[in-house]
Number of protein chains: 2
Amino acid sequence: MKKTKESLLKVAQRLFTKQGVAEVSLRSIAAEAGISHSNLIYHYPTKNDLIIALHNELLANAIALNQKVKVAVNPIEGLFLSTEAGFRILYEFRFLMLDLNYILRANKSLLKTFRDLEKVRAGMYQAEIKKAVDLKLMRNELYTGEFDELIVRIKIFSEAWIPSSEIYDSGPVEKIIQKYTQLFMGFFFPYLTEKGRKLFEKQK
Amino acid sequence: MKKTKESLLKVAQRLFTKQGVAEVSLRSIAAEAGISHSNLIYHYPTKNDLIIALHNELLANAIALNQKVKVAVNPIEGLFLSTEAGFRILYEFRFLMLDLNYILRANKSLLKTFRDLEKVRAGMYQAEIKKAVDLKLMRNELYTGEFDELIVRIKIFSEAWIPSSEIYDSGPVEKIIQKYTQLFMGFFFPYLTEKGRKLFEKQK
DNA sequence: GTATTTTTAGACCAAATGTACTAATTTTTT
DNA sequence: AAAAAATTAGTACATTTGGTCTAAAAATAC
């Protein structure tokens, strides 16, 4: 029955988020899910298998999202929408970002996936930026590599806002999502043209 | 004898960096340091005590640094120098940033220290930015809170470049330090005036 | 309805870990 | 030099954890 597997993922996700991946044992997940230790191992032999399954869920959600947000009127609105929606999804699976190093250290295949995904996203941002420049929403580079550097900073922010939030924020999830979406979008603001800034203000 | 305590810190730092804090046991530290398990516990009863001691070392280094870098000619050069030096120190203690969440979860006092330090640093950046604006090296805010948002992004970057580097970089330490110093400084570039950009180019 | 496959639980094991206690040794104080 | 304090090692214990093996129970196929 699929029910057990799904329930296990939910329980694992909850415990990972609450206690941290390193502190959660397979036994505690099984107990919380109300099944035997050996039964859990039957479905997911190691903690890694649980993590990978959850990461796959995250990916599935992210892909589904991308289909949906393609209705934006302009690049800036699109960026706003997809960022906010993406951040919301990521936040649900935040244990992945909170314990990223611990997870990747024990999971080289996930590390590779991470690196590959990063390249895809970087390419996506390059395309979006080019589009914005063509539409005169963004200025041109002032030195070569300026936008590539921006993209790296964006990447780091995207990976890091959740751990940072864990340290400094409290309060409702929605507030947090909005705060970091805002902060994220702010990356682009100083590169925008007058025209771009007007569109930006409308979203804000 | 102080020798034992210092040697223990060094060994712990090395093992934490190599294997991750969660994976290192007190026994393995003792073994690597060539002393008995119970002796280690005599000096540092828990892993947390080791971590706090190492964090104190980091703070001491950082404070010592701040005394030294006050010879900069202008704010931009000063920022370059202190950033690079600060990043170099932080990198030595990178296990703190790599396993930050794991560490802070088990150590509420360190969490408080972290939050307090953050406020200090934010104030410092506000002052530096104000100075740069007064010197016409940086433009004024285009909307209220623009620079405060910038400072938050900077904070997140400062905490996150090491974990990110762990995922995506390889190669000599110095290269890494320079790369992320460069990326960090790039945060300011789009806010600089013509005059500021000239100083910026000279550093780069 | 029987056979087969999948799912589940229970018992057990070896390794590792934190912890406590005791005793020996070394260093410091007086 | 003797006493006191600090440092070090040894030992032993209870707990937890990942992992294996076996057998029962449930679901599915034939």
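Proteins get letters first, then strands, A, B, ... in listed order; numbering begins at 1 in each.
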Taking only side-chain N and O atoms of Y42(B), does any of them lie within less than 4.0 angstrom of OP1 or OP2 on dT8(D)? no

Answer yes or no: does a side-chain N or O of H43(A) lie under 4.0 Å from OP1 or OP2 of dT6(C)? no

Return the value, rounded to whole Å, for the distance between atom [atom1] of [X] and atom [atom2] of [N].
X: L40(A); N: dT6(C); atom1: CG; atom2: C1'; answer: 16 Å
X: N39(B); N: dT27(C); atom1: CG; atom2: P; answer: 13 Å
X: I35(B); N: dT26(C); atom1: CD1; atom2: C1'; answer: 15 Å
X: L8(A); N: dA9(C); atom1: CG; atom2: P; answer: 10 Å
X: I29(B); N: dT8(D); atom1: CD1; atom2: C1'; answer: 18 Å

Taking the six-membered ring of F189(B) (Phe, Tyr or Trp), confirm whether the NZ or CZ of R197(B) is under 6.0 Å from its centre and within 45° of its axis. yes

If we ignore angles and hydrogens, is there a donor and acceptor under 3.5 Å between the side chains of T113(B) and D116(B)? no

Which heavy-atom pair separates M185(A) from I76(A) by the least distance, and what is that distance? CE-O, 4.1 Å

5' to 3', nucleotides 10-22 of chain C under a 4.0 Å protein heavy-atom cut-off (B base, S sugar-phosphate only, - none) gives B-B----BBB---

Which of these passes ring pair (Phe, Tyr, Trp, His ring centres under 6.0 Å) with F184(A): F87(A), F80(A), W161(A)? F87(A)

To the side chain of T4(B), which of dA9(C), dT6(C), dT8(D) is closest? dT8(D)

For the ring pair Y102(A) and Y102(B), is the centre-to-centre distance below 6.0 Å? no

Contact list for residues 7-29 of chain A, test ring-ring contact (aromatic ring centres under 6.0 Å, His included), sequence neighbours left out: F16(A)-F95(A)

